Amino acid sequence: NAGVTQTPKFRVLKTGQSMTLLCAQDMNHEYMYWYRQDPGMGLRLIHYSVGEGTTAKGEVPDGYNVSRLKKQNFLLGLESAAPSQTSVYFCASRRTGGDYNEQFFGPGTRLTVL
Amino acid sequence: RKEVEQDPGPFNVPEGATVAFNCTYSNSASQSFFWYRQDCRKEPKLLMSVYSSGNEDGRFTAQLNRASQYISLLIRDSKLSDSATYLCVVNRRGSNYQLIWGAGTKLIIKP
């Protein structure tokens with residue numbers, strides 16, 4: 001099993017450009033998440049999904065959109081990138097049920113917006 | 001006040017020593033608690049869940065103090081490979097699948 005994979009691993013954008021980050025998991029997990037991690041701060045939830053076809057906003061959703069058309073994929077879109085979106089983006093997934101279920105993370109995407 | 005607070009460190013500890021760090025949380029209704037480990041420029045990985053009665057996994061011991069709203073992590077006989085950032089995580093109020101992440105405590109084990 002590959003677990004959780006993310007593409008691309010690195011990207012440099014100019015202000016105003018758009019891009020899509022792809023997350024894929026092969027563990028048949030229902031829940032998927034997109035986080036951003038900035039220096040000196042904890043992971044912050046951007047959007048999440050509790051199942052195929054459903055998405056919801058996290059704590060920092062502005063400037064991002066998501067889609068979960070297939071259970072195994074969760075896409076994060078930046079329509080018009082801004083320098084404030086320079087960050088490391090992590091995707092995670094977990095199975096349903098129980099309070100102590102582990103979130104499994106992808107290796108991250110390092111995004112720089114100039 | 002941050003919902004989950006940790007001492008950022010770094011904690012510089014000689015190999016073989018015991019080290020402990022705490023994390024405080026603000027939501028008294030939190031039910032799920034975790035320690036994750038994150039190596040430099042890598043993704044977080046679950047180290048251990050924290051149960052009400054406390055729990056141990058090899059050299060690692062986690063404790064929960066609900067009255068004072070903190071959790072702790074104790075590492076005995078520290079190894080060079082324990083060098084990492086340790087992230088304290090609790091569930092968001094009213095949700096068992098959304099988590100709130102501390103900024104992490106950096107641990108450096110010196111030979």
Side-chain angles (χ1 to χ4, degrees), chain A residues 2-7 9-10 21 23 25 27 29-51 54-61 74 87-112, chain B residues 1-10 23-27 29-55 57 62 64 66 71 84-106:
Chain A
V4 180
T5 58
Q6 293 182 231
T7 53
K9 288 187 169 54
F10 303 92
L21 284 67
C23 175
Q25 53 95 5
M27 297 175 282
H29 287 170
E30 289 292 336
Y31 298 161
M32 296 187 74
Y33 308 83
W34 275 108
Y35 292 97
R36 60 178 289 172
Q37 187 174 38
D38 300 296
M41 302 183 73
L43 291 168
R44 291 184 292 168
L45 183 63
I46 304 171
H47 286 278
Y48 66 98
S49 168
V50 298
T54 71
T55 63
K57 294 180 180 180
E59 55 182 306
V60 289
F74 195 27
S87 188
V88 180
Y89 291 85
F90 286 104
C91 175
S93 71
R94 59 158 276 190
R95 61 182 174 88
T96 54
D99 292 331
Y100 288 90
N101 287 336
E102 177 180 358
Q103 288 192 12
F104 292 85
F105 284 80
T109 296
R110 283 168 173 74
L111 175 66
T112 301
Chain B
R1 180 188 173 190
K2 292 181 180 178
E3 292 183 82
V4 177
E5 294 203 69
Q6 297 184 250
D7 183 337
C23 157
T24 60
Y25 61 95
S26 61
N27 178 10
S30 291
Q31 295 293 326
S32 304
F33 308 89
F34 310 88
W35 285 102
Y36 276 71
R37 170 194 168 124
Q38 186 173 25
D39 294 302
C40 187
R41 301 181 70 81
K42 299 285 190 180
E43 72 272 22
K45 292 183 179 178
L46 179 67
L47 177 67
M48 57 197 305
S49 302
V50 185
Y51 300 107
S52 296
S53 56
N55 48 297
D57 183 1
L64 168 64
R66 286 191 184 274
I71 65 174
T85 296
Y86 291 84
L87 308 175
C88 172
V89 190
V90 305
N91 70 295
R92 181 171 295 279
R93 182 197 302 267
S95 171
N96 74 337
Y97 50 78
Q98 286 190 62
L99 302 176
I100 303 171
W101 297 73
T105 296
K106 187 171 185 177

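Given the structure is predicted, the values throughout are model-derived calculations rather than measurements. Numbered from 1 within each chain, the chains take letters A, B, ... in sequence-line order.
The closest donor-acceptor contact from the side chain of A:Y33 to the backbone of B:L99 lies at 3.5 Å or more, if one exists at all.
In terms of heavy atoms, A:F105 sits closest to B:P44 at CD1-O, 3.5 Å. Between A:Q103 and B:Y36 the shortest heavy-atom distance is N-OH, 3.0 Å.
Interatomic distance, CG of B:L87 versus CD of A:Q37, reported as 7.0 Å (0.5 Å rounding).
Residue pairs satisfying the salt bridge (charged side-chain N to carboxylate O under 4.0 Å, His left out) criterion with at least one member in residues 42-51 of chain B, sequence neighbours excluded, are absent.
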Could you tabulate the donor-acceptor pairs under 3.5 Å formed by side-chain atoms of residues 38-49 of chain A, not counting sequence neighbours?
{"from": "A:D38", "atom 1": "OD1", "to": "A:R36", "atom 2": "NH2", "distance (Å)": "3.2"}
{"from": "A:D38", "atom 1": "OD1", "to": "A:S87", "atom 2": "OG", "distance (Å)": "2.8"}
{"from": "A:D38", "atom 1": "OD2", "to": "A:R36", "atom 2": "NE", "distance (Å)": "2.9"}
{"from": "A:D38", "atom 1": "OD2", "to": "A:R36", "atom 2": "NH2", "distance (Å)": "3.3"}
{"from": "A:D38", "atom 1": "OD2", "to": "A:R44", "atom 2": "NH2", "distance (Å)": "2.8"}
{"from": "A:H47", "atom 1": "ND1", "to": "A:A56", "atom 2": "O", "distance (Å)": "3.3"}
{"from": "A:H47", "atom 1": "NE2", "to": "A:Y64", "atom 2": "O", "distance (Å)": "3.3"}
{"from": "A:Y48", "atom 1": "OH", "to": "B:Q98", "atom 2": "NE2", "distance (Å)": "3.1"}
{"from": "A:S49", "atom 1": "OG", "to": "A:G51", "atom 2": "N", "distance (Å)": "3.3"}
{"from": "A:S49", "atom 1": "OG", "to": "A:G51", "atom 2": "O", "distance (Å)": "2.9"}
{"from": "A:S49", "atom 1": "OG", "to": "A:T54", "atom 2": "O", "distance (Å)": "2.6"}
{"from": "A:S49", "atom 1": "OG", "to": "A:R68", "atom 2": "NH1", "distance (Å)": "2.7"}

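Around atom CZ of B:R66, more than 12 heavy atoms belonging to other residues, nucleotides or ligands sit under 6.0 Å away.
The contact between A:Y35 and chain B is made entirely by side chain atoms (from C-beta outward), counting heavy-atom distances below 4.5 Å. Using a 4.5 Å cut-off between heavy atoms, B:Q38 touches chain A through its side chain atoms alone. Only the side chain of A:V50 comes within less than 4.5 Å of a heavy atom in chain B; its backbone stays farther off. Looking at B:V50, the atoms closer than 4.5 Å to chain A (heavy atoms on both sides) all sit in the backbone: N, CA, C or O.
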